[in-house]
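Here's the structure, in structure tokens; my notes come after.
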Amino acid sequence: MPHLLAIFPLPSNSRPFQHSNILSSSSSSFSSSGPIRRRLPRTFSPSKHPNLKRLTSRIVQLTRRRQLHQILEEIENAKREYGKLNTIVMNAVMEACVHCGDVDLALNIFHQMTEPHSCGVDTVTYATLLRGLGRARRIDDAFQLLESVEKGTAAGKPKLSTQLIYGLLDALIEAGDLRRANGLLARFGFLLREGGSSSILTYNLLMKDKAQRLCCSDLYPDVITYTTLLMGFGHAKDLHSVQNIVLEMKSCHDLFIDRTAFTAMVDAMLNCGSIKGALCIFGEILKQAGANVDLRPKPQLYLSMMRAFADWGDYNMVKNLHERLWLDSAGTISLAAQQEADHLLMESALNNGQIDAAVENLTKIINRWKCISWTSRGGMVALRIEVLLGFNKSMLSPYLLPQVLPGNPIERIMLPLETVRPLPGSLELKKVVMRLYREPVVPIIDDWGICIGLLHREDCCEMNAPLSAMMRSPPPCVTTTTSIGHVVDLVLKKKYKMVIVVKHSNLNGTTHGSRAVGVFTAEQLHNVVAPVPEGLKQKHTVRRSLTMF
């Protein structure tokens, strides 16, 4: 049975992908992008170093999306074209490995960088690797690496610096491993001295025992110390230690607990599963905020509380927090925060078994936000509501893609570039005006056949102007190996009418300026989607008496 990709982009009373049938031929003014500069094909010269900034930027973008396999493929392509890559690029690859949690691959790349005739390593390389080893809890390997740097036997001869210590120290703090963090400071703490006294980070981790022994008041913990400890014990889910720190903070009469410290208390309680404790502290914040407006909680703290109570299914509490978010919070409430607050209200109603209230909130979300991401927490809640209602009562007019597999590459269903007949950018609009009456968007190419933009019907404003002056550039591009599901998401989310498909081997760190091989259009998507058949509607209808699954 083929896989089905369900799409829920719009409410049932909407028609997706509506195109304008109006072509304006008025003589309104427009801003020209200037003459097209002729570019000769680039060839790699061994005597001239290539510009790898685009490749580095591409690696950073893929790292954020955790597409490590794609990064490795593009690095191999770049090596074939440019030869040896520099240390900056390879450090970005190291960062990608650490970010994706593959420390073994990071070690492998590190060893490749240290080989003769390779790019070499620097302090950034070691700091990145140490952070990865710390996150992977391979502390012994990390200490051995630091000791080799200290002895001067490490490849590249890096100097022992605070940057290296911080790389490992931050990872240990994030993991909540304060015991090993103290061990790291005991071994290499001499690097973290600032002007003869311990730095803030140092005494944040070593605490008041040493201060009592040395009778040094400068080493007594301050609010930053306690906040750091709350973060560490919260990540470690050590509720007993969190409670002790909170009690100690409140017992210190000379300690002013600011908004950041209060927020750390609530977050630590929530991470440890103590919702009652978090609620008590949250109430204390609101009480003190009446006399000190600087203590008014930020919107993110309200969202943290709402997430916890939404999990519990406490609809009344989430509803109350949702209302007070607008009245009692400090700072600007971003659109993303507003959207998440609406989603959490819907989730709490569903988890409480109040299906009608959940449907009512979903209706408000549809009317206000028009769309919802199915990879988000709120999207999964909406999907649960859809299942409970059944396809015949769907609020989001689902469509299926029965003819394709979402994981297949887009090159299997794309249209070859020749079939959509791209137009040269130097051509004037008056010569192809009828083409734009028939088609809502047309790809534009330069003299060498490179796709440089897309001309949309609604952008045609001057009959005597060249097409390049009215096109949108650069065009949205994907590679031939990009999944169909991802391209469909782009068309729906970004409302693209056309997406250009380029060869993967032509990327070299960026899709702009690469030779196009095909396109995928919104019209194609219309041709492959199908409404839910009547038989499937009846088969998948679920009784509304069900509350959870």
Side-chain angles (χ1 to χ4, degrees), residues 173-178 204 221-252 255-331 333-334 336-352 354 376-378 381:
I173 295 174
E174 291 176 3
D177 194 345
L178 300 184
N204 277 352
D222 60 2
V223 68
I224 302 177
T225 306
Y226 285 118
T227 302
T228 304
L229 288 173
L230 285 171
M231 294 173 56
F233 287 121
H235 284 302
K237 302 186 185 300
D238 189 345
L239 178 60
H240 180 70
S241 298
V242 169
Q243 291 173 335
N244 287 338
I245 292 174
V246 172
L247 181 61
E248 184 176 325
M249 292 176 70
K250 292 183 178 181
S251 63
C252 295
L255 181 69
F256 173 73
I257 305 176
D258 58 11
R259 178 168 53 199
T260 303
F262 271 124
T263 303
M265 289 182 186
V266 176
D267 289 338
M269 290 288 186
L270 291 176
N271 287 336
C272 296
S274 178
I275 298 181
K276 183 180 295 185
L279 186 60
C280 291
I281 297 174
F282 185 76
E284 184 178 354
I285 297 174
L286 296 180
K287 182 179 179 180
Q288 295 193 24
N292 186 354
V293 294
D294 291 335
L295 293 179
R296 294 179 63 183
K298 290 293 187 74
Q300 288 302 323
L301 184 57
Y302 276 89
L303 292 177
S304 297
M305 296 293 297
M306 292 174 68
R307 294 186 197 106
F309 285 107
D311 283 336
W312 269 25
D314 194 334
Y315 179 60
N316 292 330
M317 181 60 74
V318 175
K319 187 176 182 180
N320 184 43
L321 290 169
H322 187 275
E323 294 174 354
R324 304 309 302 181
L325 171 65
W326 299 93
L327 301 175
D328 298 334
S329 64
I333 307 175
S334 65
Q338 298 177 33
Q339 191 172 17
E340 184 181 1
D342 292 344
H343 291 175
L344 292 171
L345 188 61
M346 172 181 63
E347 179 182 352
S348 62
L350 181 60
N351 289 344
N352 190 254
Q354 301 185 36
S376 67
R377 178 171 177 167
V381 175

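These numbers come from a predicted model, not from an experiment. Keep in mind that the numbers below use all heavy atoms, side chains included, and drop hydrogens, waters and symmetry copies.
Contact check for Y302 versus I333: no side-chain heavy atoms found under the 4.5 Å cut-off. Contact check for K250 versus L255: no side-chain heavy atoms found under the 4.5 Å cut-off. In this structure, the side chains of M305 and L279 come closer than 4.5 Å at one or more pairs of heavy atoms. Taking the side chain as every heavy atom from C-beta outward, F256 and N292 approach each other to under 4.5 Å. A heavy-atom distance below 4.5 Å is found between the side chains of L230 and M249. No side-chain heavy atom of V381 sits under 4.5 Å from any side-chain heavy atom of L344. Taking the side chain as every heavy atom from C-beta outward, D294 and D258 never approach each other to under 4.5 Å. Side chains of M269 and I281 form a contact here, defined as non-hydrogen atoms less than 4.5 Å apart.
Annotation: the span from M265 atom CE to T260 atom OG1 amounts to 11.5 Å, rounded to 0.5 Å. Between atom CG of residue L325 and atom CG of residue L303 there is a gap of 6.5 Å, rounded to the nearest 0.5 Å. Remark: C272 SG to D267 CG distance equals 11.0 Å, nearest 0.5 Å. Rounded to the nearest 0.5 Å, atoms CE (M317) and NE2 (H322) are 15.0 Å apart. Taken to the nearest 0.5 Å, the CG atom of L229 stands 11.5 Å off from the CG atom of N244. Separating the CD1 atom in I257 from the CD atom in Q288 is a distance of 7.5 Å, to the nearest 0.5 Å.
No donor-acceptor pair under 3.5 Å is formed between the side chain of N352 and the backbone N or O of Q354. Not a single donor-acceptor pair under 3.5 Å links the side chain of N320 to the backbone N or O of N316. When atom types are taken as modelled, the side chain of K237 and the backbone of N271 share a donor-acceptor pair closer than 3.5 angstrom. Using modelled atom types, no side-chain atom of D238 and backbone atom of F233 make a donor-acceptor pair closer than 3.5 Å.
Taking every heavy atom of both residues into account, L270 and A278 meet most closely at CD2-CB, 3.6 Å. Of all heavy-atom pairs between A330 and P299, the closest is O-CD, 3.1 Å.
The list of salt bridge (charged side-chain N to carboxylate O under 4.0 Å, His left out) pairs with a residue in residues 304-318, not counting sequence neighbours, reads R307-E340, D311-R377.
Residues passing the side chain to side chain contact (heavy atoms under 4.5 Å, CB included) test with A289, sequence neighbours excluded: L295, R296. Y315 is linked by a ring-ring contact (aromatic ring centres under 6.0 Å, His included) to nothing, counting only residues two or more places apart in sequence or in another chain.
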